[in-house]
Amino acid sequence: MPLGALRPSPLVEQAAQRLREQIAAGHWPVGGKLPGETTLAKELGVGRSTVREALRALAGAGLVRARHGAGVFVTATEPAEDWPTRLRRAAVTDVYEVRMGVEVQAARLAARRRTPEDITALRAAVEGRRAAAGADDTAFVEADIALHAAVVTAAHNPVLSDLFTEFVPVLREGLIAVLDLTSLRETDPGTGDHAHAGLVEAVVAGDPETAAAILEAELESTLGLLRAGGEEVP
C-alpha cells in the first residue's frame with residue numbers, strides 16, 4: 001500500500017500520523033520490521049531527518065522500537081497511555097484502593113519525619129477543613145484533599161507526593177459524587193472531623209502506627225461509600 005506524498009509542514013507530525021495509521025491498519029504487524037529510512041522518506045516525499053524524527057515520536061508512544069543494527073520494529077498497534085490518562089479512565093474505586101496504599105504509608109512516614117513547619121501546616125489544614133464545613137460540597141472536598149496533601153507532604157518523599165498529586169483529579173470527582181449521592185453532610189456538615197483531627201494529632205505526636213490505622217479506617221469507610229454508589233459514581 002503506497003503511503004503517498006505529504007503536504008508541506010508540519011512534516012514530522014504528518015509523517016508520524018501517516019506511519020501510525022499504517023501500523024494501526026496492520027500494514028506492518030506487531031513484531032514486523034519497518035522499511036528503512038530511505039524507503040520511507042521516498043514514499044512519504046520527505047527527507048530522512050523528518051522520517052527519523054517521526055520514528056522517534058512513534059517510539060515515544062510505544063509503537064515502535066529500534067534495534068541496533070537490525071532496524072525499527074513494530075511493538076504495538078495503539079499508543080501507550082500515559083499515567084494521568086490511565087487514571088482519568090480508571091474506576092474511582094480502583095484509584096482509591098491504590099490511594100490507600102500510598103497515603104497509609106505516607107502517614108507512617110509523616111509521623112516519623114514531620115517538622116515544625118509540617119505541624120503548623122497540618123493544624124492549619126484541620127482548621128481549614130472545619131471552616132469548610134459551612135461551605136458547599138466542592139469547597140469541603142477541596143479542604144479535605146488539602147489536609148490529606150499536608151500529611152503526604154510531611155512524609156518528605158517526593159515519589160509519594162507525585163503519586164498523590166496524580167490521584168487528586170479522580171479523587172475530587174469521586175468524593176464530590178459521594179457527597180452528592182448521600183446525605184452525609186446534611187446531618188454532619190464536617191463529616192469525618194474526629195478522624196481527621198486524630199490523624200493529625202497522631203502525626204504530630206510521632207505515632208506512626210496510630211496515624212496509619214486512623215487513616216486506613218477513614219479511607220476504608222469512604223471506599224465503602226464509593227462501592228455502594230455503584231455505577232452512579234464516576
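Quick note: residue numbers are just sequence positions, from 1.
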Could you tell me if the side chain of H148 sits less than 4.5 Å from the side chain of H196, heavy atoms only? yes
pair Q14-T50: side-chain heavy atoms closer than 4.5 Å: no
Restricting to salt bridge (charged side-chain N to carboxylate O under 4.0 Å, His left out), what partner residues turn up for R185, sequence neighbours left out? D137
Assess whether side chain to side chain contact (heavy atoms under 4.5 Å, CB included) is satisfied between L147 and V200, documenting all intermediate values. CA-CA 9 Å; L147 189 154; V200 167; 4.2 Å; yes
Would L40 end up clustered with F73 when hydrophobic side chains under 4.5 Å apart are linked, directly or stepwise? no
Salt bridge (Lys or Arg N to Asp or Glu O under 4.0 Å) contacts in which one or both residues fall within residues 57-76, not counting sequence neighbours: none
Chi angles and distances behind the side chain to side chain contact (heavy atoms under 4.5 Å, CB included) call for H156, T115: CA-CA 10 Å; H156 295 280; T115 64; 3.8 Å; yes
Nearest heavy-atom contact between L223 and T93 is CD1-O, 3.9 Å
Mind checking salt bridge (charged side-chain N to carboxylate O under 4.0 Å, His left out) for R48 and listing every partner two or more places apart, or none if nothing turns up? E37
Run the salt bridge (charged side-chain N to carboxylate O under 4.0 Å, His left out) test against E201 and tell me which residues pass, sequence neighbours left out. R123
Main-chain N/O of A149 paired to T153 side chain as donor or acceptor, under 3.5 Å: yes
Hey, is the main chain of V204 close enough, under 3.5 Å, to the side chain of R114 for a donor-acceptor pair? yes
Of all the heavy-atom pairs spanning V102 and F167, show the shortest one and how long it is. CG2-CE1, 3.8 Å
Out of the candidates L55, T39, V51, only one should pair with L34 under the side-chain contact (heavy atoms from CB on, under 4.5 Å) rule; please name it. L55
Results of side chain to side chain donor-acceptor pair (under 3.5 Å) for D207 - residues two or more places apart only: T210
L44 vs R18, test: side chain to side chain contact (heavy atoms under 4.5 Å, CB included). Steps then yes/no. CA-CA 9 Å; L44 292 167; R18 189 69 56 82; 3.8 Å; yes
Under a 4.5 Å side-chain heavy-atom rule over Ile, Leu, Val, Met, Phe, Trp and Tyr, are L19 and V12 clustered together? no
So, do R112 and L109 sit near enough that their side-chain heavy atoms are less than 4.5 Å apart? yes
Give me each pair satisfying salt bridge (Lys or Arg N to Asp or Glu O under 4.0 Å) with a member in residues 94-111, each pair once, sequence neighbours excluded. E97-R227, R99-E103, R108-E209
Under the side-chain hydrogen bond (donor to acceptor under 3.5 Å, both in side chains) rule, what do Q17 and E13 come out as? Steps first, then yes or no, please. CA-CA 6 Å; Q17 179 60 29; E13 290 84 350; over 6 Å; no
Are any of the side-chain heavy atoms of V64 and I23 separated by less than 4.5 Å? yes
Report yes or no: do V168 and L175 belong to one cluster of Ile/Leu/Val/Met/Phe/Trp/Tyr joined by side chain heavy-atom distances under 4.5 Å? yes
